[in-house]
Amino acid sequence: MDVAAIVVAAGEGERYGSRKQFCDLAGRSVAARSVDAARSIAELVVIVVPPDSIAEGHGADVVVAGGPSRAASVRAGLAAIDAPVRVVVVHDAARPLASPALFCAVVAALDDAAVDGAVPGLAIADTVKRVTGPDDPVVAETLDRSTLVAVQTPQAFVAEVLRRAHREARDATDDASLVESIGGRVVVVPGEPSNRKLTTRDDLVSMLASVEES
Ligand code: CTP
Ligand code: MG
């Protein structure tokens with residue numbers, strides 16, 4: 001098999017107030033939209049859901065139970081891909097507006113044999129400062145915005161490198177960080193401004209507006 005996708009949908013949506021990935025977005029669930037986009041490039045789509053929710057697959061080929069962290073859920077997805085595969089794409093179910101073209105772009109970036117992973121990134125418009133900590137923050141430094149990108153999913157990896165990263169590294173908010181931490185080379189392709197992550201109720205309102213526009 002050439003490409004498999006893991007759509008992680010096992011979070012509790014604490015900031016949103018419910019399992020946001022199963023909300024309706026203009027007639028289809030957020031997770032089903034994410035699975036559909038992944039299908040544009042992947043021969044096998046695995047969805048990782050909360051353990052009490054494995055009855056519904058949202059259109060994926062394989063449904064497995066997730067773990068207590070995002071990284072643990074990705075590992076559950078990796079364990080469910082038993083056929084040999086060249087590339088694994090990992091996507092947050094909470095990003096239902098990622099386009100099929102974006103999935104193709106991250107996978108195509110792996111045609112370069114020196115590349116282990118590819119992530120979509122967007123330039124940052126705001127000035128970004130590092131602060132001393134989350135409570136009572138004091139500015140420690142203003143970062144050079146031209147060297148920063150805001151990273152999205154889908155993220156594509158050479159399958160064997162992603163598997164090794166998950167064996168050797170601990171927790172992180174994305175898979176690219178784990179691959180970086182074992183010395184992997186991860187490149188950035190242009191992200192999509194419309195590919196926002198559903199995090200709060202306000203995000204659903206603006207996503208509805210973009211879906212209705214298109
Ligand atoms: N996710 C997962 N397993 C977890 C935690 C998160 O599969 N244990 C998934 C979420 O379902 C989501 C993606 O990872 O599609 C990105 O996570 P995030 O946006 O943080 O979602 P939640 O963890 O559900 O939200 P919150 O952090 O507000 O609780
Ligand atoms: Mg979370």
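We count ligands from 1, going down the list as the structure has it; atoms in each ligand are counted the same way. The residues of the chain are indexed from 1 along the displayed sequence.
The salt bridge (charged side-chain N to carboxylate O under 4.0 Å, His left out) check on Asp112 picks up nothing, with sequence neighbours excluded.
Listed by chain and residue number, the protein contacts of ligand 1 are Val8, Ala9, Ala10, Gly11, Glu12, Gly13, Glu14, Arg15, Lys20, Gln21, Gly67, Pro68, Ser69, Arg70, Ser73, Asp92, Ala93, Ala94, Lys197 (heavy atom within 4.0 angstrom).
Counting only N and O atoms by type, the side chains of Gln155 and Asp175 include no donor and acceptor under 3.5 Å apart.
Counting non-hydrogen atoms of other residues, nucleotides and ligands closer than 6.0 Å to CD of Glu168 gives a total above 12.
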Could you walk me through whether Arg196 and Met207 pass the side chain to side chain contact (heavy atoms under 4.5 Å, CB included) test, one step at a time?
CA-CA 8 Å; Arg196 289 186 305 274; Met207 280 181 184; 3.9 Å; yes
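Arg95 contributes a side-chain N or O that, together with a main-chain N or O of Asn195, makes up a donor-acceptor pair within less than 3.5 Å. Distance alone, capped at 3.5 Å, is enough to place a donor-acceptor pair between the Asp61 side chain and the Val45 backbone.
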